[in-house]
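Have a look at the structure below before the remarks.
Source: prediction; values computed, not measured. Remember, it's 1-based here, ligands and their atoms both numbered in the order they're listed. FYI, side chains are in, hydrogens and waters are out, and symmetry mates aren't considered; it's all heavy atoms of this structure.
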Amino acid sequence: MGLPTAGRRTMERLAKLRNKLQEKELDAVLVLGSANRRYLSGFTGSAGTLVISQDAAVLITDFRYTEQAAVQAPEFQVRQYEDYLSTVREVLEQHGCRRVGFESDIVTYDQYTKWREKLDEIEWVPVPGLVEELRMIKSEEEIACIEQAAAIGDEAWAELLPRMRPGVTERELALELEFLLRRKGAEALAFDIILAGGPNGALPHAVPSHRPLQEGDLVVMDFGAKVNGYCSDMTRTVVIGKACQRTRTLYNIVLDAQLAAVAALKAGKTGKEVDAVARRIIADAGYGENFGHGLGHSVGLAIHEDPRLAPKGETVLQPGMVVTVEPGIYIPGFGGVRIEDLAVVTEDGCRILTRSTKEMLELGV
Ligand code: ZN
Ligand code: ZN
C-alpha cells in the first residue's frame with residue numbers, strides 16, 4: 001500500500017520467491033543472472049548480485065552502478081563493494097544465512113569455486129531455474145511491453161517490404177530493418193536479425209550475407225524488438241518475384257502447420273502436444289526430416305525462455321505464458337520457409353500478438 005506500481009511489483013515478486021526459499025529450506029538465494037536480477041529488482045546494470053532472504057533484499061554492486069542501483073531498485077539495500085567476496089560474506093552473516101541457493105545454470109565454475117573456497121562456512125545449494133519459474137507467467141504489464149515490441153516489428157516489416165527486390169543484398173535489407181525497428185521505438189534488437197534469401201534460407205539461423213536477392217528466392221526474415229527489456233519475435237517468409245510450384249507447395253504446408261498449431265494452442269496442453277500438431281502436418285506432407293527444430297519457445301526478458309513447444313516439452317501451458325509458434329521447412333541448396341507468430345496463452349486458446357499477414361507475398365517484380 002502506498003508504494004508506486006514498480007515497488008508493489010517488486011514486493012509481489014519477492015514474496016513469491018521467499019515462498020520458494022521456504023519450500024526449499026533455503027536461508028537465502030544469490031541472483032546473478034541479468035534477466036533474473038532485473039525481474040526481481042528493476043536494476044538493469046550489467047553487474048550485480050542480489051542477496052535475498054526472508055528479511056533481506058540486498059544488491060551488491062561496484063562503483064560504476066551504485067547510483068543507478070539506488071534509483072532503479074529502491075526496495076533493495078544497495079551495497080558497494082571493494083572486495084566482492086568479503087561483502088557477500090558480511091551480508092550473509094548479518095542475516096544469519098547458512099544454506100544458500102545459487103543459479104547453477106548461470107554461475108560459472110570459477111565463480112562457484114571461489115564461493116566454495118572462500119565462503120566455506122556456507123552450504124551452497126544449486127537451484128537452477130528458480131527465478132525463471134516465476135518469470136514464466138507474464139503479468140498484464142509485461143504482456144503490454146511484449147505487445148508493444150511486437151507492434152514495432154509489424155510496422156517495421158511493413159515498411160521494409162517495398163524495398164525488397166532483385167539485386168538488393170541481405171545485409172542491406174537487414175540494416176534497413178534494424179534502422180526501422182529502432183526508429184519505431186525499439187530500445188534494442190531482441191537478437192541479431194536473420195534475413196536469408198534463396199539457399200541461405202535453408203540455414204534456420206543464417207547470418208545476413210552480401211548475396212543479392214534473385215527472382216524466385218524465398219526470403220526468411222526473423223527479428224524482434226525490445227521494449228522495457230521485453231522481447232518480441234516474429235518470422236515471415238516472402239518470395240521475390242513469382243513463386244514456382246515447389247515454393248508455393250512448401251509455403252502452404254508450413255502455413256497449414258502454423259495455423260493448426262495456433263488453433264491447438266491453449267492452457268492445459270503440454271508444449272509437446274502443440275508441437276506434435278504442426279509436426280504431424282509437415283511429416284505427412286513428406287518433410288518431417290526438414291523440420292529439425294522445436295515449434296516454439298517462450299519469450300520475455302530473454303528471447304528464449306521456458307517452457308518450450310517441442311517434442312520434449314512436458315510443461316503444461318498456463319494462461320499468461322507468451323510463446324512463439326514457428327514451424328519451418330528447410331531444403332538444402334534451395335531455401336527455407338518459416339512462419340512465426342507470438343501468442344499469449346489463454347484459458348480457452350491464445351491471443352496472437354503478431355498482426356502481419358501470413359499470406360504468401362510475391363514482391364519486387
Ligand atoms: Zn524468431
Ligand atoms: Zn523464435
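For the residue pair Tyr112 and Ser104, no side-chain donor N or O sits within less than 3.5 Å of a side-chain acceptor on the partner. A donor and an acceptor atom, one from each side chain of Ser356 and Asp154, are located under 3.5 Å apart.
Considering just the N/O/S atoms of Asp233, the one nearest the Zn ion (ligand 2) carries the name OD2. Looking at Asp222 and the Zn ion (ligand 1) together, the shortest N, O or S contact belongs to OD1. In Glu340, the N, O or S atom that comes nearest to the Zn ion (ligand 2) is OE2. Within Glu326, the N/O/S atom positioned nearest the Zn ion (ligand 2) carries the name OE2.
Put simply, His304 stays out of reach of the Zn ion (ligand 2), with no N, O or S atom under 2.8 Å from it.
A distance below 6.0 Å separates the ring centres of Tyr330 and His293.
For the pair Gln68 and Thr44, the minimum side-chain heavy-atom distance is below 4.5 Å.
Ion pairing between a basic and an acidic side chain is recognised when a charged N comes within 4.0 Å of a carboxylate O; Glu142 and Arg9 show no such pairing.
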